[in-house]
Protein chains: 2
Amino acid sequence: MPQKLTLKKIAQDMNVSISTVSKALRDSHEISVETREKIKGYAKKFNYKPNNIALSLKNQKTKKIGIIIPEIVHHFFATVISGIEKVANEKGYQVIICLSGESFDKEVVNMDMLANGSIDGFIMSLSKETLERQDFHHLREVLNQGMPIVMFDRVVDAMPCDKVIIDDFAAAQSATEFLLRKGKKKIGIISTVDYVSVGKLRTQGFKEALNKRNAHFDKNSVLKIEDAENCTTKIENFLKKGDFDGILAVNELFAVTASKILQKQNKQVPEEVAIIAFTDGMLSKYASPTLTTIGQKGEDMGALAANKLIERLESKQDIDESYETVIVKTSLVERESTP
Amino acid sequence: MPQKLTLKKIAQDMNVSISTVSKALRDSHEISVETREKIKGYAKKFNYKPNNIALSLKNQKTKKIGIIIPEIVHHFFATVISGIEKVANEKGYQVIICLSGESFDKEVVNMDMLANGSIDGFIMSLSKETLERQDFHHLREVLNQGMPIVMFDRVVDAMPCDKVIIDDFAAAQSATEFLLRKGKKKIGIISTVDYVSVGKLRTQGFKEALNKRNAHFDKNSVLKIEDAENCTTKIENFLKKGDFDGILAVNELFAVTASKILQKQNKQVPEEVAIIAFTDGMLSKYASPTLTTIGQKGEDMGALAANKLIERLESKQDIDESYETVIVKTSLVERESTP
DNA sequence: AGTTTCTACGAAAACGTTTTCGATTTTTTA
DNA sequence: TAAAAAATCGAAAACGTTTTCGTAGAAACT
């Protein structure tokens with residue numbers, strides 16, 4: 001019922017002009033101390049707060065960051081958002097989140113909506129479908145408008161923008177080497193289809209480690225899973241055929257599924273088969289046995305991405321066209337699933 | 001480099017007035033078919049999209065929903081957001097997410113920021129600190145401004161707004177009864193401190209079930225945990241002293257922690273001790289043994305909340321002051337942790 | 001006393017829309 | 001052919017700010 005207070009209403013109530021009110025509230029010396037105090041008192045009393053939309057229109061900046069990710073019910077992405085939100089909030093920004101649901105079309109639509117004035121810049125991780133199609137026109141359009149983008153995790157190298165990633169190749173390689181050092185001879189990897197860049201890179205790192213050590217490797221050492229929903233039987237067959245003593249999984253879910261299957265087959269984890277998973281989330285911490293993981297530092301990635309974006313937003317326009325790719329160090333969190 | 005296209009620029013380029021351009025693009029009959037087509041062609045060619053901020057200011061509505069929750073790295077909240085986002089998106093709304101981090105001050109600040117024009121309405125779950133203080137002035141302020149709020153999960157009954165909750169009392173009661181029917185005699189509950197309303201209600205439901213059956217109950221049957229971080233030793237002591245054959249936990253984390261401790265003590269789950277947890281998330285699905293849970297239907301709650309809010313936003317102002325509390329049915333998901 | 005400098009405020013433009021109203025021209029009708 | 005009606009467009013207000021500029025009166029100079 002009490003209408004939102006505006007400068008205009010204050011001006012009417014106090015018999016001054018709108019400009020006077022505005023200046024008084026911003027402590028301009030153009031206004032006498034007397035009227036300044038009077039107006040500020042009135043504003044405080046009735047809890048005046050400037051309208052954000054009007055400010056956005058005036059200033060041509062919204063102080064909002066658009067986030068587009070495939071899913072939110074996913075520990076890694078949730079941690080990234082948490083990291084973004086934290087630094088964004090500290091610097092006076094708010095985050096608008098849109099989910100692509102791994103769909104190209106939704107990604108495009110959401111981006112279009114946000115790009116029309118709602119936000120100052122993007123932080124995003126691409127949908128699987130986008131990666132599959134290799135269609136990035138929506139990114140290019142936004143960038144051409146002069147709106148900055150920071151990509152993380154699922155990035156595309158060719159884009160002229162900042163990126164925050166982990167070194168998937170190196171992480172997979174060193175995790176594999178870790179297993180080899182522990183005496184494992186026949187290691188398998190449970191990965192995703194190749195168009196998901198992280199899946200591909202992790203598989204390559206895995207191969208590299210094996211090659212360096214002249215360890216056993218053939219195409220049967222690699223399982224590529226399309227949809228995570230019904231991965232159980234695929235993993236089961238893979239494990240049965242392979243008879244591995246070490247498993248590297250590109251996410252927690254594959255790892256814990258494998259672990260359960262192995263235990264059902266009466267194989268001891270980690271004595272007979274060791275397991276390492278990418279992503280250090282809830283599952284790994286509470287599975288039985290607990291899983292050794294490669295921590296992706298989602299919070300850090302989010303924080304870095306937000307800092308990068310805000311830095312670019314607040315620098316005097318894009319004089320500096322040199323884009324940066326930050327590589328976040330992973331860390332091996334040793335738990336029970338490795339000896 | 002190519003400045004964002006506006007009505008004004010189109011008008012200049014085509015030597016007509018701004019109003020003509022606006023009308024032409026909206027297919028007004030006031031404009032001749034000829035000029036209409038010409039302008040629309042031009043707009044399409046250079047990919048004109050109206051500026052959202054300007055529209056928001058003009059229409060006095062932003063088509064954005066503000067979400068304030070304690071945490072996002074939390075499966076339940078993530079599912080709720082997912083549910084909200086889905087229906088919001090369908091109806092042309094976007095979501096702005098702010099995290100309180102269980103802090104009263106952050107909740108207040110974030111709400112203030114969003115309430116000043118950035119959004120049309122709120123969907124929120126209160127922080128622990130807010131519940132502890134019982135200070136709801138920020139909610140009242142927003143409601144007094146005529147901005148609708150829909151609360152979920154952690155709600156406060158007295159607030160004049162719509163709410164979406166699960167019947168925590170009934171759910172805890174029926175889960176307890178389930179355990180009793182399975183022949184369990186001495187059941188304990190691992191809950192949270194009382195100011196978290198859901199913890200309190202669930203404990204009450206638990207007591208009610210025991211009372212009805214004249215089952216064993218004393219104050220040692222209840223463990224109230226303040227912070228989830230170091231709950232392990234507390235749970236360990238609780239289990240040791242209690243010697244239970246059934247456990248009801250108010251969240252997955254407590255349940256899986258209890259399960260692990262029990263197994264370390266060589267107690268068979270579910271044969272010797274059965275376990276039921278609130279929240280049907282990842283942990284329960286992949287723990288060993290898998291956990292029987294009370295599904296909170298986070299997605300449903302989010303979808304219902306969003307529908308309620310949008311409905312109220314789009315009704316001709318708040319003629320209808322009768323607020324509704326939707327109770328979402330829980331479902332018992334039986335898994336291995338109960339016989 | 002006349003000129004200049006301050007002081008304190010208001011008018012108006014700008015941000016990008018939509019919409020109401022008025023104005024001009026063309027077409028229709030009597 | 002004059003009047004009425006329709007067609008087509010532009011001006012301007014409005015949303016709520018901030019900021020530049022102008023201006024009136026008072027104070028301070030010469």
Side-chain angles (χ1 to χ4, degrees), chain A residues 3-40 42-43 46-64 113-120 145-147, chain B residues 3-40 42-43 46-64 113-120 145-147:
Chain A
Q3 289 291 17
K4 195 70 179 135
L5 200 56
T6 74
L7 289 187
K8 189 196 273 191
K9 294 213 195 70
I10 299 182
Q12 287 170 345
D13 294 354
M14 318 235 1
N15 274 328
V16 291
S17 77
I18 296 180
S19 4
T20 304
V21 179
S22 174
K23 288 171 187 167
L25 292 179
R26 321 191 92 236
D27 255 327
S28 163
H29 59 277
E30 286 186 42
I31 308 298
S32 70
V33 183
E34 199 182 10
T35 33
R36 235 189 284 174
E37 290 308 322
K38 232 171 40 185
I39 292 177
K40 289 207 288 184
Y42 189 91
F46 294 105
N47 195 29
Y48 168 79
K49 299 270 177 56
N51 181 300
N52 272 329
I53 298 290
L55 286 178
S56 293
L57 187 58
K58 180 87 180 98
N59 302 330
Q60 295 291 78
K61 53 179 67 173
T62 61
K63 288 282 197 173
K64 296 199 199 314
M113 299 221 46
L114 290 183
N116 295 314
S118 296
I119 59 163
D120 296 339
Q145 281 178 199
M147 182 174 288
Chain B
Q3 290 291 17
K4 194 76 176 127
L5 200 55
T6 74
L7 290 187
K8 189 196 274 191
K9 294 212 195 71
I10 299 182
Q12 287 171 347
D13 294 354
M14 318 231 5
N15 274 328
V16 292
S17 77
I18 297 180
S19 6
T20 303
V21 179
S22 175
K23 287 172 188 167
L25 293 180
R26 321 191 92 239
D27 255 325
S28 163
H29 60 276
E30 286 186 41
I31 309 299
S32 70
V33 182
E34 197 182 12
T35 34
R36 236 189 286 175
E37 291 308 323
K38 229 171 40 183
I39 292 177
K40 290 208 287 185
Y42 189 91
F46 294 105
N47 193 30
Y48 168 80
K49 298 271 177 54
N51 180 300
N52 272 328
I53 298 289
L55 285 178
S56 293
L57 187 59
K58 180 90 181 91
N59 302 331
Q60 296 290 78
K61 54 180 66 173
T62 62
K63 289 284 201 170
K64 296 198 197 319
M113 298 221 46
L114 290 183
N116 296 312
S118 297
I119 59 162
D120 296 338
Q145 280 177 200
M147 180 173 288

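Heavy atoms only: backbone and side chains are in, while hydrogens, waters and symmetry mates are out. By convention in this document, chain letters (A, B, ...) are assigned in the order of the sequence lines, proteins followed by strands, and residues within each chain are numbered from 1.
Using a 4.5 Å heavy-atom threshold, the side chains of A:L7 and A:L25 count as touching. The side-chain heavy atoms of B:N116 and A:K4, taken from C-beta on, include a pair separated by under 4.5 Å. Considering only heavy atoms from C-beta on, B:K64 comes within 4.5 Å of A:S118 through its side chain. Side-chain contact between B:V21 and B:M14: absent, with no pair of heavy atoms (C-beta onward) separated by less than 4.5 Å. Using a 4.5 Å cut-off on side-chain heavy atoms (C-beta onward), A:I119 and A:M147 make contact.
Put simply, the side chain of B:N59 never gets that close to the backbone of B:K61: no donor and acceptor are under 3.5 Å apart.
Nucleic acid contact for A:L55: sugar-phosphate only, since backbone atoms but no base atoms lie under 4.0 Å from a heavy atom of the residue. In this structure, B:S56 reaches neither bases nor backbone, as no heavy-atom distance under 4.0 Å exists between it and the strands shown. A:S22 comes within 4.0 angstrom of a base, heavy atoms only.
For residues 9-26 of chain A, every residue pair satisfying the salt bridge (Lys or Arg N to Asp or Glu O under 4.0 Å) rule, not counting sequence neighbours, is listed here: A:K23-A:E30.
For the residue pair B:S22 and B:S19, no side-chain donor N or O sits within less than 3.5 Å of a side-chain acceptor on the partner.
Across the helix from C:dA1-D:dT30 to C:dA30-D:dT1, the helix axis at one end is tilted relative to the axis at the other end by 70° (nearest 10 degrees, each axis from five pairs).
The NZ atom of A:K49 sits 4.0 Å away from atom CG of A:N47, with the distance rounded to the nearest 0.5 Å.
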Contact list (N/O, under 3.5 angstrom) for nucleotides 20-28 of chain D vs protein:
{"residue": "D:dT20", "atom": "O4", "partner": "A:K23", "partner atom": "NZ", "Å": "3.2"}

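Projected onto DNA chain D by closest heavy-atom contact, A:K9 and A:T20 fall at different nucleotides, the more 5' of which corresponds to A:K9. Residue A:I31 is the one, among B:T6 and A:I31, whose nearest nucleotide of DNA chain C lies closer to the 5' end (criterion: closest heavy atom).
Looking at residues two or more places apart in sequence or on another chain, you find a side chain to side chain donor-acceptor pair (under 3.5 Å) between B:K40 and B:D27. A search for ring-ring contact (aromatic ring centres under 6.0 Å, His included) contacts involving B:Y48 returns nothing, not counting sequence neighbours.
Put simply, chain B comes within 4.0 Å of DNA chain C, heavy atom to any atom, from C:dC15 to C:dC21, going 5' to 3'.
Note: NE2 (B:H29) to P (D:dA7) measures 8 Å, nearest angstrom. When the C1' atom of D:dG10 is taken as reference, atom CG of B:L7 falls 14 Å away, rounded to whole Å.
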